[in-house]
Trainee: 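Shown below is the structure under consideration.
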Amino acid sequence: MDREQEQMQFLGLFGIFKESYKTIISWRKIFTQITLTLILPLTFIFLAHMEISNLLVQNIEQTEFEKEDTQLYTERYNNLSDTLSSELITFILFKVAYIVVFLILSLLSTAAVVYTIASVYTGRELTFKKVMSVVPKVWKKLIVTFLCKFIAFFIYNFFAILFMFICEFLVPYPFGTILFFILLIIYVVGSLYMIVCWQLASVVSVLESSYGFSAMAKSNNLIKGNKMVAITILFLLSLSFILINILFELLVVHGSLEVWKRVGLGALCFILLLIANLFELVIHTILYLVCKSYHHENIDKGDLSNHLESYLGEYAPLSGKDIQLEQYQV
């Protein structure tokens, strides 16, 4: 990453993608190790859960169908009821286990990639062993930030649904319907903006002393001036994930192709999703540096390096005041 910080603010949409690609290629060994250790299991679990969920749902639907065609209160009916309850519990436990494991791997992958790029930026000596030793410590801050995101998103959705319900059912037609769609548009735009801020908050939690709601507020300030670029990046990345998911669902999970073709398409989707996951994490970190540069906040490489070393116990953790980044004039 040889670009001067003052020049980062001039990176547009394609510039951010290009800089992310160059960073991955320049440090492909360490990113390959991170990918194989964290992102590969994350990708495999995501795709595998789609296939397993489909099989579990098919079993539940088959049991329900047989139960409906069975006479009430017979021994077979009672057995099918027990089987159905067991299958539903298995499905719920599987979903809970998937969410927990996926969340852990996602946060660990975020910590590893962000720490790696920050170390590259500050010119620190970087090894895979050092990255993996830091990841569990950074993860603690990321989980707090995630919980704060969840609370904020829950409150946002609760009031959004409440207001749209009032407009649709309590406000006279057609004013209620018109107001409903206006609120729906505002809700979608607001959701996109919040997701962008939350993604940036994860980077802030690693590279600065702020985390939780403080990191969310910090990311909200950083994103100003680059909202359209950030939302466009979110849209393009989300579109790529959606297309890969649709391809996997239609041709692999529910496909009727020959086995070897389904295996080949499954492998293709796996590789595409693996690459997309890595690029997403790198792009978020590059976007953070762009936003910092745009607001003329000069990142002191010495302070940032000390902050990163604090995760290794080599320096005392920096306070919010210490890590506060200077202003520079263009």
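Owing to the predicted nature of the structure, the values given are computational and were not obtained by experimental measurement.
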Trainee: Passes side-chain contact (heavy atoms from CB on, under 4.5 Å), Val196 versus Leu200? Steps please.
Mentor: CA-CA 6 Å; Val196 169; Leu200 206 60; 5.7 Å; no
Trainee: Does a side-chain heavy-atom distance below 4.5 Å link Phe31 with Val282?
Mentor: yes
Trainee: Please name the pair of heavy atoms, one in Ala201 and one in Ser219, separated by the smallest distance, quoted to 0.1 Å.
Mentor: N-CB, 3.7 Å
Trainee: Look up atom CG in Asn277 and atom OG1 in Thr43, then write down how far apart they are to the nearest 0.5 Å.
Mentor: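 Answer rounded to 0.5 Å: 4.0 Å.
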Trainee: For residues Met216 and Cys197, determine if any side-chain heavy atom of one lies less than 4.5 Å from a side-chain heavy atom of the other.
Mentor: no
Trainee: If the plane angle is over 60° it's perpendicular, under 30° parallel, otherwise tilted; pick one for Phe154 and Phe158.
Mentor: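 Rings of Phe154 and Phe158: parallel, as their planes differ by under 30°.
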Trainee: Verify side-chain contact (heavy atoms from CB on, under 4.5 Å) between Val135 and Tyr115, making sure each step is shown before the conclusion.
Mentor: CA-CA 8 Å; Val135 163; Tyr115 179 85; over 6 Å; no
Trainee: Mind checking whether Lys224 and Tyr294 have side chains closer than 4.5 Å, heavy atoms only?
Mentor: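 The answer is no; the side chains never approach within 4.5 Å.
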Trainee: Mark yes or no for whether Ser106, through its side chain, and Leu103, through its backbone, hold a donor-acceptor pair below 3.5 Å.
Mentor: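 No.
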Trainee: Look up atom CZ in Phe128 and atom OG1 in Thr32, then write down how far apart they are to the nearest 0.5 Å.
Mentor: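 Answer rounded to 0.5 Å: 10.5 Å.
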Trainee: Would Thr110 and Ser202 count as a side chain to side chain donor-acceptor pair (under 3.5 Å) here? Give the steps.
Mentor: CA-CA 8 Å; Thr110 299; Ser202 296; 5.6 Å; no
Trainee: Quick check: do Ile39 and Leu281 have side-chain heavy atoms less than 4.5 Å from each other?
Mentor: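 Sidechains of Leu281 and Ile39: in contact.
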Trainee: Hey, any chance Ile25 and Leu274 share a hydrophobic cluster, counting ILVMFWY side chains that come within less than 4.5 Å of each other, even indirectly?
Mentor: yes
Trainee: Please find out if less than 6.0 Å separates the ring center of Phe270 from that of Phe248.
Mentor: no
Trainee: Would you say Ile166 and Tyr173 are hydrophobically clustered, going by side-chain heavy atoms of ILVMFWY under 4.5 Å?
Mentor: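 The answer is no; the residues belong to distinct hydrophobic clusters.
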Trainee: Grab the two heavy atoms, one from Thr127 and one from Ile30, that are nearest each other, plus how far apart they are.
Mentor: C-CD1, 3.8 Å
Trainee: side-chain contact (heavy atoms from CB on, under 4.5 Å), that's the test. Do Leu56 and Glu87 meet it? Break it down for me.
Mentor: CA-CA 7 Å; Leu56 292 176; Glu87 289 175 345; over 6 Å; no
Trainee: Ser53 side chain to His49 main-chain N or O, any donor-acceptor pair under 3.5 Å?
Mentor: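 Yes; judged by distance alone, with no hydrogens or angles, the pair exists.
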Trainee: Compare every heavy atom of Glu51 with every heavy atom of Val252, then report the nearest pair and how far apart it is.
Mentor: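 Distance-wise, the nearest heavy atoms are O-OE1, 4.2 Å.
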Trainee: Determine, using the 4.5 Å side-chain heavy-atom cutoff (strictly less than), whether Met164 and Ile182 are members of one ILVMFWY cluster.
Mentor: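 Unlinked, Met164 and Ile182 end up in two clusters.
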Trainee: Between Phe153 and Trp198, does the ring centre distance come in under 6.0 Å?
Mentor: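 Here the rings of Trp198 and Phe153 have centres that are less than 6.0 Å from each other.
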Trainee: Stepwise, does the side-chain contact (heavy atoms from CB on, under 4.5 Å) test hold for Ile24 with Phe279?
Mentor: CA-CA 8 Å; Ile24 293 174; Phe279 261 94; 4.0 Å; yes
Trainee: Flag the pair Arg76 / Lys67 as yes when at least one side-chain heavy-atom distance between them is below 4.5 Å, and no otherwise.
Mentor: no
Trainee: Less than 4.0 angstrom from a charged side-chain N to a carboxylate O is my criterion; do Glu208 and Lys292 meet it?
Mentor: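 Salt bridge between Glu208 and Lys292, a charged N being under 4.0 Å from a carboxylate O: yes.
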Trainee: If you compare all heavy atoms of Thr70 against all heavy atoms of Tyr77, which two are closest, and at what distance to 0.1 Å?
Mentor: CG2-N, 3.7 Å
Trainee: Compare every heavy atom of Leu80 with every heavy atom of Thr63, then report the nearest pair and how far apart it is.
Mentor: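 The pair with the smallest heavy-atom distance is CG2-O, 3.6 Å.
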Trainee: Applying a strict under-4.5 Å side-chain criterion to I, L, V, M, F, W and Y, I'd like to know whether Ile45 and Val57 cluster together.
Mentor: no
Trainee: Is it true that Gln58 and Gln62 share a donor-acceptor pair across their side chains at a distance under 3.5 Å?
Mentor: no
Trainee: Between Phe17 and Tyr21, does the ring centroid distance fall short of 6.0 Å?
Mentor: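 Distance test on ring centres: not under 6.0 Å, no.
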Trainee: Scan side-chain atoms only and decide if Thr145 and Ser205 contain a donor-acceptor pair under the 3.5 Å cut-off.
Mentor: yes
Trainee: How close do Leu237 and Glu280 get, heavy atom to heavy atom, and via which atoms?
Mentor: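 Scanning both residues, the minimum pair turns out to be CD1-CG, 3.8 Å.
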Trainee: Students often mix this up, so state it plainly: with edges at 30° and 60°, are the rings of Tyr98 and Phe94 parallel, tilted or perpendicular?
Mentor: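 Correct class here is parallel.
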Trainee: Any chance you could measure Cys291, atom SG, to Lys218, atom NZ, to the nearest 0.5 Å?
Mentor: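 Separation between the atoms: 11.0 Å.
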Trainee: Do Phe44 and Val100 land in one hydrophobic cluster if side-chain heavy atoms of ILVMFWY residues count as linked below 4.5 Å?
Mentor: yes
Trainee: Within a 6.0 Å radius of atom CD on Glu75, are there more than 12 heavy atoms belonging to other residues, nucleotides or ligands?
Mentor: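 Open: at most 12 neighbouring heavy atoms sit under 6.0 Å from CD of Glu75.
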Trainee: Check whether any side-chain N or O of Ser86 sits under 3.5 Å from a backbone N or O of Asp82 as a donor-acceptor pair, and report yes or no.
Mentor: no
Trainee: Please check if atom NZ in Lys140 has more than 12 non-hydrogen atoms from other residues, nucleotides or ligands closer than 6.0 Å.
Mentor: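 Counting neighbours around NZ of Lys140, 12 or fewer heavy atoms of other residues, nucleotides or ligands fall under 6.0 Å, so no.
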Trainee: Are any non-hydrogen side-chain atoms of Cys167 and Phe181 less than 4.5 angstrom apart?
Mentor: no
Trainee: Rounded to the nearest 0.5 Å, how far does OG of Ser85 lie from CD1 of Ile60?
Mentor: 10.5 Å
Trainee: Check whether any side-chain heavy atom of Phe163 lies under 4.5 Å from a side-chain heavy atom of Phe180, and answer yes or no.
Mentor: no
Trainee: Are the side chains of Asn59 and Phe91 in contact, using a 4.5 Å heavy-atom criterion?
Mentor: no
Trainee: How far does CZ of Phe14 sit from OG1 of Thr232, to the nearest 0.5 angstrom?
Mentor: 9.5 Å
Trainee: Roughly how far, to the nearest 0.5 Å, is the CD1 atom of Ile34 from the OG atom of Ser109?
Mentor: 8.5 Å
Trainee: Look at atom CZ of Phe65 and say whether more than 12 heavy atoms of other residues, nucleotides or ligands are closer to it than 6.0 Å.
Mentor: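 No - once you tally the heavy atoms of other residues, nucleotides and ligands closer than 6.0 Å, there are 12 at most.
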